[in-house]
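A short write-up of the structure that comes next.
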Amino acid sequence: MPRSQTTQTPPVAHFRRSDDPDWHWLESRDDPQVKAFLRAANRESDAFFAPLKALEDALYDGHLARRELKVTGLPTTLERFRYWSETAADADYPLWWRQARDGDTAPELLLDLEARSQAHDFLELGDMAISSDEQWLAWTEDASGNEYFDLYLKRLPDGEPQRLRRRIGPDLVWAEDNRTLLFTRYDATQRPASVWLLRPEDDHCQKIFEEADVEFWVGLGKTRSRQWLVLETASKDTSECHLIPATAPRTAPACVRPRETGVEYTLEHRDDVFYVLHNRDGSHFRLDTAPVSQSDSWTPLVPHREDVTLEGVDAFSWGVVVTERDHHEAQVYLRVIERSEADPARDAAGAGGLPGSRLPLPEAPCSLALGDTPDFHTRKLLLREESFTLPVRWVEHDLDSGEQRVLKTQPLYGDLQPDDLVCRRLWAEGHDGERIPVSVVARADRLGQVPMPTLLYGYGAYGEVLDPWFSIARLELLSRGVAFAVAHVRGGGDRGEPWYLAGKLEHKENSFRDFLAARQALVAEGIADPERIAAYGASAGGLLVGASLNLEPEAFCAAVLDVPFVDVLRTMENPDLPLTTAEYTEWGNPDEPAVRRRIRDYSPLDNLTAQPYPSVLLQGSWHDSRVPYWEPAKLYARMTELGSARGPVLLRTDMAAGHGGASGRFKAWRDNARQDAFILWALGRDAV
């Protein structure tokens with residue numbers, strides 16, 4: 001593999017401090033030398049990428065040519081108006097509009113994020129909430145990337161925006177009195193810890209709930225029936241819900257059922273019944289009902305099953321939609337359970353003794369989810385479907401006729417269309433004999449012909465699933481003969497709750513071993529060229545890739561670690577950092593000696609040695625409050641000092657962004673093109 005050389009003195013040599021070999025001084029954000037170091041590393045990275053500029057431009061221009069730049073969102077209808085977003089072809093951010101349901105009046109502009117972004121290098125919308133009488137719009141926005149949000153209010157349609165509060169959490173919900181807003185506030189570690197009630201007309205504001213346990217975060221919601229405000233406080237493995245009548249928001253919150261360690265539950269509402277999804281009597285969750293008058297008395301509706309995990313519940317006037325995941329297929333389904341007409345108090349039973357039936361899949365594997373459906377009484381469900389070969393589409397499913405109608409499909413232009421692609425599902429054998437799902441997408445005329453250069457993607461934490469997703473930018477890699485693969489490792493939720501539990505705490509090493517097993521399966525199946533496999537991981541996925549590199553540094557020719565969580569032990573030993581205390585149930589509390597040893601044994605920064613690492617691109621963000629900029633920066637410095645990598649070790653720090661990277665879509669696409677240029681260079685596919 002060719003290696004690009006620069007004549008610049010590496011910044012690591014210039015900024016090294018003999019009294020701090022671990023580079024902990026980079027954590028001192030106010031030290032001017034920190035920014036100087038990061039900017040020097042950016043210049044070094046710029047020098048590396050200079051010869052790849054033509055490739056980066058080709059990737060960027062090719063991506064834009066394949067997509068529809070002027071985008072109109074699918075309308076959502078409320079009582080009086082229909083709402084939608086529009087993004088101009090040359091704009092980074094959308095404009096939000098509404099029009100009366102009868103369509104006889106001109107559309108009204110509610111919120112112009114493109115105009116609001118002009119004063120900022122970064123802008124992210126946290127939440128939007130429209131009052132039930134549709135007279136008020138409230139929203140939260142982050143203008144720095146650090147995930148602190150300001151609260152704004154506007155009288156519709158053309159009132160002047162007012163900033164009501166600064167540095168709060170993102171969540172908002174209106175009470176049904178149309179006068180009262182609820183929002184969350186952070187504590188000193190940026191944990192959403194309290195709920196506040198605000199009456200904008202007289203600026204009356206009071207705290208109505210506070211969570212003292214530092215492992216618990218607070219969230220807000222409202223049932224689709226619009227009868228209950230829900231305050232949920234949850235750790236990674238325990239939750240508790242509190243209810244307030246939506247028409248009487250000053251009522252004290254009432255606990256549905258006191259928390260029990262290890263028990264998670266969430267609820268929805270219909271008529272005089274709560275639907276409670278919980279894992280109290282089985283780790284895969286079951287769905288119970290409870291009378292509103294006796295919310296802690298739960299009666300089974302959908303039982304616990306060994307081969308299925310229940311992931312969510314949505315209630316309507318006619319019944320519920322349950323999101324469930326098949327463990328064997330690693331596939332999500334939607335189950336519709338309608339209220340029995342013969343006995344409205346119960347729900348209709350379906351085949352096999354289970355209530356209801358599953359909606360059909362467009363293909364498998366695929367992603368299937370309930371779209372934005374605020375109408376409690378609708379019998380036409382909005383479904384969102386996509387796969388590795390199917391662009392996102394929105395489908396209307398009529399419950400009465402069973403017919404489905406495609407409402408909108410993401411347009412796709414250019415020489416590579418869905419019919420030109422093929423997806424395969426492999427099953428790798430793990431180090432302990434477990435079967436690991438691996439998804440692969442490539443050009444149909446290339447897959448299976450000869451071993452291909454391959455990009456392997458993974459995450460594997462928090463029970464997050466990597467259901468198939470379509471990417472227009474990815475087509476630029478596929479068109480150049482690269483295969484894209486996803487390792488559905490333990491620690492994620494791809495095969496349900498057991499899959500998550502088998503990759504956390506004392507089982508965390510399974511995630512890393514599974515990732516490497518996926519790599520081996522790609523080679524064994526003749527799909528991947530063993531000399532040209534690159535790895536990609538972001539955030540906790542950066543931990544996955546970083547730990548895998550320490551275990552088998554020659555397994556990959558290159559790796560991209562994006563805002564990577566790599567200083568695991570030191571971070572978990574600092575309870576003053578955001579997220580740390582809430583993460584104890586994911587990684588463990590290092591105050592316990594056995595846990596500390598376990599974390600130290602896999603933490604990427606703590607296990608660096610002079611091994612033949614691949615070329616590495618590390619990416620961080622100055623305002624990142626989840627994975628601080630210094631984690632990738634320290635990994636870069638220490639890998640560079642080791643000097644054992646087979647190719648360049650690069651660091652790029654976005655000085656204006658947060659954990660999610662650039663907020664404007666064109667800058668985000670440009671960043672992606674640069675990243676893909678590095679990947680293609682490493683895979684030997686860097687010809688323009």
Side-chain angles (χ1 to χ4, degrees), residues 169 171 173 182-197 207-223 228-246 251-269 273-302 304 309-313 315 461-464 493 496-498 500-501 504-505 572 575 578-589 591-592 595:
D171 293 349
V173 65
L182 276 68
F183 66 90
T184 57
R185 281 193 186 276
Y186 296 131
D187 67 4
T189 65
Q190 206 171 348
R191 174 181 67 98
S194 57
V195 176
W196 294 71
L197 180 150
K207 181 168 60 178
I208 61 172
F209 182 84
E210 184 164 22
E211 174 55 66
D213 192 321
V214 295
E215 293 189 29
F216 282 69
W217 285 25
V218 175
L220 290 175
K222 182 161 61 174
T223 60
W228 298 96
L229 305 173
V230 183
L231 283 56
E232 182 180 39
T233 179
S235 70
K236 297 295 182 181
D237 67 356
T238 304
S239 63
E240 180 180 84
C241 292
H242 300 254
L243 298 174
I244 299 174
T251 306
C255 181
V256 173
R257 189 167 188 159
R259 70 190 65 172
E260 303 172 60
T261 300
V263 175
E264 300 173 76
Y265 73 89
T266 186
L267 58 79
E268 258 281 25
H269 170 259
V273 174
F274 287 124
Y275 289 86
V276 186
L277 194 67
H278 70 93
N279 63 348
R280 189 170 187 269
D281 301 305
S283 61
H284 307 166
F285 292 80
R286 81 181 195 204
L287 182 63
D288 288 4
T289 59
V292 167
S293 59
Q294 208 171 351
S295 62
D296 62 346
S297 178
W298 300 349
T299 300
L301 175 61
V302 179
H304 180 269
T309 291
L310 304 185
E311 295 183 336
V313 58
Y462 306 113
E464 292 294 320
E497 188 71 6
Y500 169 45
L501 299 176
K504 65 180 290 192
L505 296 173
M572 294 307 297
L579 300 183
T580 293
T581 53
E583 301 281 89
Y584 287 157
T585 49
E586 181 73 22
W587 317 107
N589 186 340
D591 287 346
E592 302 173 31
V595 172

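- Annotation: the span from K504 atom NZ to T585 atom OG1 amounts to 5.5 Å, rounded to 0.5 Å.
- Side chains of Y500 and S283 form no contact here, defined as non-hydrogen atoms less than 4.5 Å apart.
- C255 SG to E240 CD: the interatomic distance, rounded to the nearest 0.5 Å, is 4.0 Å.
- Taking all atoms of both residues into account, the shortest heavy-atom contact from E210 to K207 is OE1-NZ, 2.7 Å.
- Within the 4.5 Å cutoff, side-chain heavy atoms of K222 are placed close to those of L229.
- Taking CG of L310 as the reference point, atom NE2 of H278 lies at 9.5 Å (rounded to 0.5 Å).
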What verdict does the side chain to side chain contact (heavy atoms under 4.5 Å, CB included) test give for D296 and F274, after you've listed the backbone C-alpha separation in whole Å, the side-chain angles of each residue and the deciding distance to 0.1 Å? CA-CA 10 Å; D296 62 346; F274 287 124; over 6 Å; no
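- Note on ring orientation: taking the six-membered ring where Trp is involved, the planes of F183 and W196 are parallel (angle under 30°, cut-offs 30° and 60°).
- When each of E215, E211, E264 is tested with R259 by the rule salt bridge (charged side-chain N to carboxylate O under 4.0 Å, His left out), just one qualifies, namely E211.
- Proximity of V276 to V256: side-chain heavy atoms (C-beta onward) are nowhere separated by under 4.5 Å.
- The shortest non-hydrogen separation linking E497 to T309 is N-OG1, 2.9 Å.
- Annotation: side chain of V263 is not in contact with side chain of T238 (no heavy-atom distance under 4.5 Å).
- Distance check: D237 CG to L505 CG gives 8.5 Å after rounding to the nearest 0.5 Å.
- Relative orientation of the W587 and Y462 rings is perpendicular, given thresholds of 30° and 60° on the angle between their planes.
- Inspection of the D281 and H304 side chains reveals no N or O donor paired with an N or O acceptor under 3.5 Å.
- Between F209 and V218, the closest side-chain pair of non-hydrogen atoms falls below 4.5 Å.
- Atoms CH2 and CZ, from W298 and R280 in turn, are 7.0 Å apart once rounded to the nearest 0.5 Å.
- Atom-to-atom distance recorded for W228:CH2 and T223:OG1 is 8.5 Å, nearest 0.5 angstrom.
- Residues L267 and V230 approach most closely at CD1-CG2, 4.4 Å, considering heavy atoms.
- Side-chain contact between L220 and L231 is present, with at least one heavy-atom pair separated by less than 4.5 Å.
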